[in-house]
There are 4 protein chains.
Amino acid sequence: MIFASNGFHNSQIAKIAKQAGIAEGTIYLYVRSKEELMIRLFEQQVGSFITVLQEQLRSMEDARDQIACIIHQHLSRLEEDPELARVIQFELRQPNPTIRDGIAPVLRSYFQVIEQTILLGQEQGHFDPTLSPKLARQLIFGGINEVATSWVFSQKAYALRAQGEPLLRMIFRGITK
Amino acid sequence: MIFASNGFHNSQIAKIAKQAGIAEGTIYLYVRSKEELMIRLFEQQVGSFITVLQEQLRSMEDARDQIACIIHQHLSRLEEDPELARVIQFELRQPNPTIRDGIAPVLRSYFQVIEQTILLGQEQGHFDPTLSPKLARQLIFGGINEVATSWVFSQKAYALRAQGEPLLRMIFRGITK
Amino acid sequence: MIFASNGFHNSQIAKIAKQAGIAEGTIYLYVRSKEELMIRLFEQQVGSFITVLQEQLRSMEDARDQIACIIHQHLSRLEEDPELARVIQFELRQPNPTIRDGIAPVLRSYFQVIEQTILLGQEQGHFDPTLSPKLARQLIFGGINEVATSWVFSQKAYALRAQGEPLLRMIFRGITK
Amino acid sequence: MIFASNGFHNSQIAKIAKQAGIAEGTIYLYVRSKEELMIRLFEQQVGSFITVLQEQLRSMEDARDQIACIIHQHLSRLEEDPELARVIQFELRQPNPTIRDGIAPVLRSYFQVIEQTILLGQEQGHFDPTLSPKLARQLIFGGINEVATSWVFSQKAYALRAQGEPLLRMIFRGITK
DNA sequence: CATGAATGAGGGTTCATTCAT
DNA sequence: AATGAATGAACCCTCATTCAT
């Protein structure tokens, strides 16, 4: 089952199936509902992102490098796959509680990666030890997200990756002791 | 007739009308379509928020006080009216371009308030003059938004306002020279 | 109550009222329903047409003159008041049985005028006595009507009245002994 | 799938679907809108009528036989399928310009069949050469139509086909030299 | 395993009608 | 008598889901 991320645009099952080159009914052999499909797709995309990310983080000792890595990878990933960006920014921001709850675990595991890094940085004496890692994560994730949203809104008129450096500088100052 | 801000819950016209205590058809006396309704509601809510906010900002000289005010007012407003928070966080984050374009002007005017304040702070020598006001705004707005989103997700289990102080401290450090 | 024929276009009550320069509710002081309104308007228009027509017919002895008069008056009336033509051609040709039944009496009285004239012509020895007056009337009325319909469809690109003469000639030959 | 010609009665999609023994949504697999449905049905019905009619006309040399054939076939067709009669008489006589324009081509092609026949008759020396074929067609079509309308109004209390003979006689006299 | 035609519940919108003023 | 804001039933259409092949 390879519904590559290359196909949401409109999120009607008919179009998703067409984009994936399969029949509508086929989707339901793998998934119980459209909601589950959205969740599975999100899990797949974000899950693989996290796996790769953790791989890279493991090779870094300094939490500051790790934070830099997270931010750059996040922006790069969205820039590479604008469709995924759209999905995350809009498609998944739905009032539908089933979807919200469904993606929560994956999102939480990403949040934990960030929070762990902050904790590590605090232990290493780089980051302000009085910071709530959760709140710091919220600022970081929210900031990246808003930068990405603006970029999508702007019709991708500029390089998203280029925002990483200055954004990183602000965040660093914000969380450094 | 003023549409009650709490007239949402679900976004079906029937339910919106019921919540507002009016008939479905009545809505269409004031609004041409559901999309326009969403936009009008957003304009009304955010517009009045901005008006009040600017009033308060005018009485402050120091841009640092202004930033603090913005963050606190934003969080307070959402906490006072959790329904509005839900609408902004989820209901309006839609792929629908009409809505996105419709709310863009109001959102932009809020963004300008923030960016002006940052600019002022740079002129006053408080904030890093090399910062892009736009990017700083993105971090601030994105951060606040994410804090609010988490709060909504948590079923409002804690005081949103209480997050203002520590969030503010991080942001200050992040944008200060 | 003067809802002159000058106002159907679209047949929504709101527009009819606006055209007549009165409020929507006012209509319901004179009429129980939209259907009744349509019927009353039709009665008024066609009724006055018949009255005038009979006046003129009374001054003619020869049934052949009378038939000529009917055809010319009918076409003239529709040409003078294209709005009435539209109403008769389309607005009133509805599946709605209430309207059909409601206008039936007026229509029938017009039919009787025509059939009486044919009968007279048969007695005068001008028209084929073996003809069914009803069938002859159907041919005449149907013919006029179709000529008028074509004219309306053509966006009134030519003079409707001008069709009277040649149409009359055909009909005459058709019903003459 | 062929929409049963008797799938009308009322023109609500729900009822049309029910009559045709299919679901509402199914209709929209074959047709983009209700208007298109009406047009398609008309095209189908009238189109096949014209095809059969032209087949028959081809075997006749004399334009007088052809006119007789047209009138009899027209009346027979409506009598066989009273539902079609209702549709043509009422359902399609709508102010809706989309439908009017949509059925215009089919209707026009029927008109041409009639007008060609008249032209032929004029060439053969049977019909008055000074007649406008268009006007003659209007009288013929309008006459048939009115006869059919009366019949439908009468709740089909008598044999429609029986009207063909006397109607034909009148029309013949009307258009003969 | 895969298909895609068929389904039908659900939702936005219109508009004839009412009724408090 | 007149108004017109409010009503809400009715209707067209969409689209997630099913199931016979």
Side-chain angles (χ1 to χ4, degrees), chain A residues 1-3 9-18 20-38 94-96 98-99, chain B residues 1-3 10-18 20-38 96 98-99, chain C residues 1-3 10-18 20-38 94 96 98-99, chain D residues 1-3 10-18 20-38 96 98-99:
Chain A
M1 184 182 66
I2 313 155
F3 307 109
H9 263 326
N10 256 302
S11 46
Q12 295 99 317
I13 285 288
K15 289 197 184 170
I16 295 174
K18 203 173 190 180
I22 58 174
E24 293 169 60
T26 309
I27 288 176
Y28 288 86
L29 296 177
Y30 298 97
V31 132
R32 213 180 294 281
S33 69
K34 189 187 176 184
E35 286 162 354
E36 197 185 318
L37 174 65
M38 303 287 274
Q94 283 185 25
N96 186 327
T98 312
I99 292 186
Chain B
M1 202 213 57
I2 298 165
F3 295 110
N10 263 295
S11 49
Q12 294 102 319
I13 286 285
K15 290 196 182 168
I16 295 174
K18 204 172 193 180
I22 58 176
E24 284 176 65
T26 308
I27 288 176
Y28 288 88
L29 295 178
Y30 300 95
V31 130
R32 214 179 298 280
S33 68
K34 189 187 173 184
E35 286 167 353
E36 197 185 319
L37 173 65
M38 304 291 268
N96 185 327
T98 311
I99 292 187
Chain C
M1 183 182 67
I2 312 156
F3 307 108
N10 256 302
S11 45
Q12 295 99 318
I13 286 286
K15 289 197 184 170
I16 296 174
K18 202 172 190 181
I22 58 175
E24 293 168 61
T26 309
I27 288 176
Y28 288 87
L29 296 177
Y30 298 97
V31 133
R32 212 180 296 279
S33 69
K34 189 187 176 185
E35 285 161 354
E36 197 185 318
L37 173 65
M38 302 288 273
Q94 284 186 22
N96 186 327
T98 312
I99 292 187
Chain D
M1 202 212 60
I2 297 164
F3 295 111
N10 263 296
S11 48
Q12 295 101 318
I13 286 286
K15 290 196 183 169
I16 295 175
K18 204 172 191 180
I22 57 176
E24 281 178 66
T26 308
I27 288 176
Y28 289 88
L29 294 178
Y30 300 95
V31 132
R32 216 179 297 278
S33 68
K34 189 186 173 183
E35 285 166 354
E36 197 186 318
L37 174 64
M38 304 292 267
N96 185 328
T98 311
I99 292 186

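Treat the numbers as computed from the prediction; the structure is a model and nothing was measured. The chains referred to below are lettered A, B, ... by the order of the sequence lines, with proteins before strands, and numbering in each begins at 1.
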statement: The reported gap from CD in D/Glu36 to OH in D/Tyr28 (rounded to nearest 0.5 angstrom) is 10.5 Å
query: Between C/Ile27 (CD1) and F/dA1 (P), how many Å, whole number?
result: 15 Å
message: Distance check, rounded to the nearest 0.5 Å: A/Ile16 atom CD1 versus A/Leu37 atom CG?
response: 5.0 Å
message: To the closest 0.5 Å, what do you measure between CD1 (A/Ile99) and NZ (A/Lys34)?
response: 7.5 Å
Integer-rounded Å distance: E/dC15 C1' and C/Ile16 CD1: 12 Å
- prompt: Can you tell me how far C1' of E/dT13 sits from CG of B/Leu37, to the nearest Å?
  reply: 13 Å
message: So, taking the atom named CD in D/Gln12 and the one named CD in D/Glu24, what distance separates them when rounded to the nearest 0.5 Å?
response: 10.0 Å
- line: When rounded to whole Å, the CD to P distance for the pair D/Glu36 and F/dC12 reads 15 Å
task: Can you figure out which of F/dT3, E/dA6, F/dT7 approaches the side chain of C/Leu29 most closely?
output: F/dT3
Reading 5' to 3' through nucleotides 16-21 of chain F, protein heavy-atom contacts under 4.0 Å coded B for base, S for sugar-phosphate only, - for none: SBB---
- line: Secondary structure of DNA chain E per the Watson-Crick/G-U criterion (both distances under 3.5 Å; [ ] crossing, | other strand, . unpaired) is .||||||||||||||||||||
- prompt: Do the side-chain N or O atoms of A/Tyr30 get closer than 4.0 angstrom to the phosphate oxygens (OP1, OP2) of E/dA2?
  reply: yes
statement: note: B/Lys15, atom NZ; F/dG8, atom C1'; distance rounded to Å ~ 18 Å
